[in-house]
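For reference, the structure is listed below as structure tokens.
Bear in mind that the values here come from a model prediction, so they are computed numbers and not experimental data. Every heavy atom of this structure was used, including side-chain atoms; hydrogens, water molecules and symmetry mates were not. Just so it is clear: chains get the letters A, B, ... in the order the sequence lines come, proteins before strands, and each one is counted from 1.
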Number of protein chains: 2
Amino acid sequence: MKKNATVYTVAERAGVSIATVSRTLAGSPKVASLTRQRVLQVVDELNYVPHPAARRLAHQRTDTIALVFPDISGPYYSSVIRGVEQATGVHDYNVLIYGTRDKARSDQFLRGLTSKIDGLIFLARSIEEDYLAWLQKQDIPFVLIGPSAPLAPSDSVSVDNLHGAYQAARHLLWHGHRRIAIITGPSNSPDCRQRLDGYKRALREAGLSLPPEWIITGNFQYEGGRTAMVQLCQQDSPPTAVLAANDEMAMGAISAARQYRLRLPEDMAIIGFDDIQVAGMIDPPLTTVLQPMQRLGEKAVELLFQRIRTQGAPWQNEILPTHLVVRRSCGCLTNQGLSQKSRVSALTPFSR
Amino acid sequence: MKKNATVYTVAERAGVSIATVSRTLAGSPKVASLTRQRVLQVVDELNYVPHPAARRLAHQRTDTIALVFPDISGPYYSSVIRGVEQATGVHDYNVLIYGTRDKARSDQFLRGLTSKIDGLIFLARSIEEDYLAWLQKQDIPFVLIGPSAPLAPSDSVSVDNLHGAYQAARHLLWHGHRRIAIITGPSNSPDCRQRLDGYKRALREAGLSLPPEWIITGNFQYEGGRTAMVQLCQQDSPPTAVLAANDEMAMGAISAARQYRLRLPEDMAIIGFDDIQVAGMIDPPLTTVLQPMQRLGEKAVELLFQRIRTQGAPWQNEILPTHLVVRRSCGCLTNQGLSQKSRVSALTPFSR
DNA sequence: CTGAAAGCGCTAACAC
DNA sequence: GTGTTAGCGCTTTCAG
């Protein structure tokens, strides 16, 4: 393997000093345009690219950020990753990715990270708050994707969970539903708490009571959605509509509802959250609250760069809008016009 | 921000030279165990971690690999990423990720990459063959995830597409189908060609002819699957079963078939490929050929490390097994026992 | 076994 | 404008 060109090679060949080469490449204004041209030409001839490690060592920065994501990576994380990658690429930065895996590692791991990267992006709550505090003490810039941690305020970018869920619930109310349940995610998810709040607000505003048995805690997964819907269906007076805190659970709910021989959306309307890629591909096409995943990644990068540039600034907590994507599982766009009446029909599960 | 500890700090405090510190950390056998202990203790006290850039500069290696993936990243890529990340983590390597984006960039981009990484993993055919050749000339190790490129032989890890498709087709034959179509991916996908071959072989072995109108070229996307199925249904004598080259197209096909009022799987059996996460969550649950995504990523890392370690070795082209995941869209597990007869029923589309 | 010293390739004061 | 030079933090001969 032929050794790569270095500043020295280039300098020599261009008949200048290495400083001039470095200056030229840095775009310094104080280089005679003739010299510049000569250098640039040699650079091109030799296909010279500055050695990143050397540059980093001298510069004391890495031009690299890390993206750390939790182990349970749902289908939509890839959109966020893509957003991050794209946005950093524009700035000529690199992205290192890390899964959190075993906690054991992350302590050691984070320490080692320090001089590997200029900043971090955490996906969801992929990290304990203590670490966040530690990072702040080290002056290592980071931004959270998700609601910011109460104990360790920082930059963050999240979506308008409250409004999204509120709108979804309102939509169900608009369809005439009065018995609306919700399947939430794990109670330690801050996103979920906000979604729950949105749901509650909508129902309260409509003057409806919220029987506790209509608030079921799920786990963000398909099976959890199934189980939750089964619980709902077995109640004495089951709901006629349910809001799920993510699309996977909504899909699970759909599947369970089918087993109870419920017609969707006539007997049971369902709205999800996220708008994952397959949401529109299932039957019935899922009405859901869209989160701008890719945008989330891009925005996180933006905030991170601002923070890297100017450490002192006040924290920014960006909230990206969500909006309802209306498909058929809510009762809209139904061809057969019987949706309005059938909702009141009996809900006795078939299998009991 | 307190400056981080360096070899010098540690050396001084431990009363040894920097060389000894370096040796200790490198695990060199020729360090008196007493000295070693002293050094290690100081290292611990100071929370010392060698500066990666400095180490890289001295070492001339980066302990980093890059994963480059194409722009059209389907839902399953995240599993591959996870596999890669996990496997590299074990070796204490880092993973940089890059999307290919605009071709324009990738030329410049690849050159710059050289000293950033020790090796590359390419997802699918995310890169032109010329670049692969160029990389080989530079002695930059890389492995392909997907069938190896004919013009630039290299390490690769792919799945047994042929056998997977073959098995799927056989399964359909076993169900009694004789009129089996296939929706392939873009013709430039080597994976797809192999799948097509598997399908053809199974049908030939069964003594069936292959009318060209039953081989439809799709685009790996949902809409492509829809379009293809519509084409199929509009034929004079439509197939009774179809094989799709990936799950998204299978889902599109299902949706289109429904519009033609076909009952699934009774009137139309469908088998997909990939086994993406949602395959089991749709209606009917999709029978499909499983690709071990995560394993694919892990294996790629394994091959890459071998290559990095010993450059001279012959190319390895690993092929991971696929297998049929039987759910309901093929006609299995159907509760109502009428599947065998209804298949011959008329296929006149409802909407014509 | 241990230390001194020469790089690794680049940047940025500092002179001229 | 341009060159000289001193680091950046670590690894690795080469002596001892």
Side-chain angles (χ1 to χ4, degrees), chain A residues 1-40 42-43 46-64 92 111-118, chain B residues 1-40 42-43 46-64 92 111-118:
Chain A
M1 166 155 119
K2 193 168 71 230
K3 278 212 71 31
N4 274 321
T6 73
V7 246
Y8 295 100
T9 338
V10 176
E12 188 179 9
R13 184 130 163 199
V16 296
S17 78
I18 61 165
T20 302
V21 175
S22 183
R23 279 194 203 98
T24 307
L25 261 36
S28 158
K30 38 188 205 165
V31 175
S33 82
L34 207 78
T35 328
R36 149 170 288 112
Q37 277 181 25
R38 201 145 24 94
V39 171
L40 253 26
V42 175
V43 163
L46 264 40
N47 246 313
Y48 168 68
V49 179
H51 190 116
R55 163 178 274 166
R56 282 168 199 177
L57 189 54
H59 249 152
Q60 293 296 69
R61 47 184 190 70
T62 62
D63 295 337
T64 301
D92 265 314
R111 296 192 141 51
L113 216 54
T114 313
S115 41
K116 270 188 195 140
I117 46 90
D118 298 338
Chain B
M1 165 156 120
K2 191 168 75 234
K3 279 213 61 45
N4 274 322
T6 72
V7 246
Y8 296 99
T9 339
V10 176
E12 189 178 10
R13 185 129 163 202
V16 296
S17 78
I18 61 164
T20 302
V21 175
S22 183
R23 279 193 202 100
T24 307
L25 260 37
S28 158
K30 36 188 208 165
V31 175
S33 82
L34 207 80
T35 326
R36 149 168 290 112
Q37 277 181 24
R38 199 147 22 96
V39 171
L40 253 25
V42 176
V43 162
L46 264 43
N47 246 314
Y48 167 69
V49 180
H51 189 116
R55 165 178 271 167
R56 282 169 199 175
L57 189 54
H59 250 146
Q60 294 296 70
R61 48 185 188 68
T62 62
D63 295 336
T64 300
D92 264 315
R111 297 190 141 50
L113 217 51
T114 314
S115 42
K116 268 186 195 142
I117 46 90
D118 297 339

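Contacts of B/V16 with the nucleic acid, taken as non-hydrogen atoms under 4.0 Å apart, involve only primed sugar atoms and P, OP1 or OP2. Contacts of B/S22 with the nucleic acid, taken as non-hydrogen atoms under 4.0 Å apart, include base atoms. Residue-level contact check: B/T35 touches the backbone only, with heavy atoms under 4.0 Å from sugar-phosphate atoms and none from bases. Residue B/A32 is in sugar-phosphate contact alone, with no base atom involved, counting any heavy-atom pair closer than 4.0 Å across all strands shown.
When the side-chain nitrogen and oxygen atoms of A/H59 are compared with OP1 and OP2 of C/dG9, none of them lie within a distance under 4.0 Å. Side-chain nitrogen and oxygen atoms of A/R55 include at least one within less than 4.0 Å of the OP1 or OP2 phosphate oxygen of C/dT11. Proximity of A/T20 to the phosphate of D/dT2: no side-chain N or O atom is located under 4.0 Å from OP1 or OP2.
Distance, A/R56 CZ to D/dC10 P: 16 Å, rounded to whole Å. Between A/E12 atom CD and C/dG9 atom P there is a gap of 14 Å when expressed in whole angstrom units. One interatomic measurement links the two molecules: OH of A/Y48 to P of C/dG9, which rounds to 10 Å at whole-angstrom precision. For the pair A/L57 CG and D/dG7 P, the interatomic distance rounds to 14 Å; values are reported in whole Å. At whole-Å resolution of the value, CD in B/Q60 and C1' in D/dT12 are 13 Å apart. Put simply, CG on B/D63 is 14 Å from P on D/dC10, counting in whole angstrom units. Spacing between atom NE2 of B/H51 and atom C1' of D/dG7 amounts to 13 Å, rounded to whole angstrom units. Nucleotide C/dC10 holds its C1' atom 11 Å from the CG atom of A/L25, rounded to whole Å.
Minimum interatomic distance between B/S28 and B/R36 (heavy atoms only, all atoms of both residues): O-NH2, 3.0 Å. The two residues B/V49 and A/G112 have their closest heavy-atom pair at CG1-CA, 3.9 Å. Between B/I18 and B/A11 the shortest heavy-atom distance is N-CB, 3.7 Å.
For A/A58, counting side-chain heavy atoms from C-beta on, the closest listed nucleotide (C/dC8, C/dT2, C/dC10) is C/dC10. Proximity note for B/S17 (side chain, C-beta onward) versus D/dC10, C/dT11, C/dA4: the nearest is C/dA4. The side chain of A/A54 sits closest to C/dG9 out of D/dG3, D/dG9, C/dG9.
Remark on DNA chain D: of its neighbouring residues B/R23 and B/Y8, the 5'-side contact belongs to B/Y8, judged by nearest-heavy-atom nucleotide. Residue A/V21 is the one, among A/V21 and A/K30, whose nearest nucleotide of DNA chain C lies closer to the 5' end (criterion: closest heavy atom).
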message = One pair to check against side-chain contact (heavy atoms from CB on, under 4.5 Å): A/R56 and A/T64. What are the steps and the verdict?
response = CA-CA 10 Å; A/R56 282 168 199 177; A/T64 301; 3.7 Å; yes
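Here the side chains of B/L25 and B/Y48 are in contact, with some heavy-atom distance below 4.5 Å.
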